[in-house]
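The block underneath contains the structure these notes are about, expressed in C-alpha cells.
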Amino acid sequence: MATERTFSIIKPDATRRNLTGKVNAVIEESGLRIVAQKRIHMTQAQAEAFYGVHAARPFFRDLVTFMISGPVVVQVLEGENAVARYRDVMGATNPANAEPGTIRKLFAESIEANSAHGSDSTENAATEISYFFAGTEIVG
Ligand code: CMP
C-alpha cells in the first residue's frame, strides 16, 4: 500500500462547538498524520467552486450556505491508503448510518452538518489540496 495524501475539512458545525481538537484526536489515533492545517472562513465563491460537482443537486444552495456559516479547518492528511482510510474514519455521510467511533457518529448533527469532509479519490484529493494549500505549506 502506498503512502497517500487526502484533503479534509472540519466543518462549521464542529468549529462552532469547539470540537477541532476532538476531531483531530480521532484522526491522529487512526494513524493518519496532519501534515498541513489552517482555519479559514470560506467565501461563497470558494464554497461554490469547491462543491461545483454538486451544483445540480437539490441540496447545493443549502450546502454552500452552511459551509460559509462559520470558520472551517482545512487539512492535508497523510498515511497508508489515506483516502480510503479517512473515509472509514469519518463514517457514512449521514451520521444515522455511521459506524460507532467514527467522526460523524461521534460528532455530526445531520447529513448536512456532518462535521467533516474527506476526498473521495486520490485524483480529487490532489485537486482539493491544491485548491487550498501551496506545496510549501505541506510539511510531511
Ligand atoms: P461532503 O463529504 O462534504 O460532500 C458533499 C456534502 O453534501 C456532504 O458531505 C453532505 O454534508 C452534504 N449533503 C447535504 N445533503 C445531502 C444529501 N441529501 N446527500 C448527500 N450529501 C448531502
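Small disclaimer: the values here were computed from a predicted structure and weren't measured. Whatever order the structure lists them in is the order used to number ligands and atoms, beginning at 1.
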Going by heavy atoms in the side chains, are Leu63 and Phe50 under 4.5 Å from each other? no

Do Thr20 and Thr15 make a side-chain contact, defined as non-hydrogen atoms from C-beta onward lying under 4.5 Å apart? yes

Among Gln75, Met42, Glu128, find the residue that satisfies the side chain to side chain contact (heavy atoms under 4.5 Å, CB included) test when tested with Ile9. Met42

Nearest protein heavy atom to [atom], by residue and atom, and its distance?
atom: atom 11 (O) of ligand 1; result: Ile111 O, 2.8 Å
atom: atom 9 (O) of ligand 1; result: Lys11 NZ, 3.2 Å
atom: atom 2 (O) of ligand 1; result: His117 ND1, 3.2 Å

Run the salt-bridge test on Arg61 and Glu48 with the 4.0 Å N-O cut-off and return the result as yes or no. yes

So if I count the atoms of ligand 1 from 1 in the order they appear, which ones are less than 4.0 Å from some heavy atom of Arg104? 2 (O)

Atom indices of ligand 1, in the order listed, that fall short of 4.0 Å to a heavy atom of Asn114: 9 (O), 10 (C), 11 (O)

Mind checking whether Thr93 has an N or O less than 3.5 Å away from an N or O of ligand 1? no

Using a 3.5 Å cut-off on N or O atoms only, is Arg57 in polar contact with ligand 1? no

Spacing of Glu28 atom CD and Ile34 atom CD1 [to the nearest 0.5 Å]: 4.0 Å

What pairs with Lys38 under side-chain contact (heavy atoms from CB on, under 4.5 Å), at least two apart in sequence or on another chain? Ile40, Val74, Phe133, Glu137

Residue pair Leu77 / Ser8: nearest heavy atoms and the distance that separates them: CD1-CB, 3.9 Å

Relative to atom 17 (C) of ligand 1, which among Phe59, Tyr51, Phe50 owns the nearest non-hydrogen atom? Phe59

Looking at non-hydrogen atoms alone, which of Asn94, Leu63, Val64 comes nearest to atom 12 (C) of ligand 1? Leu63

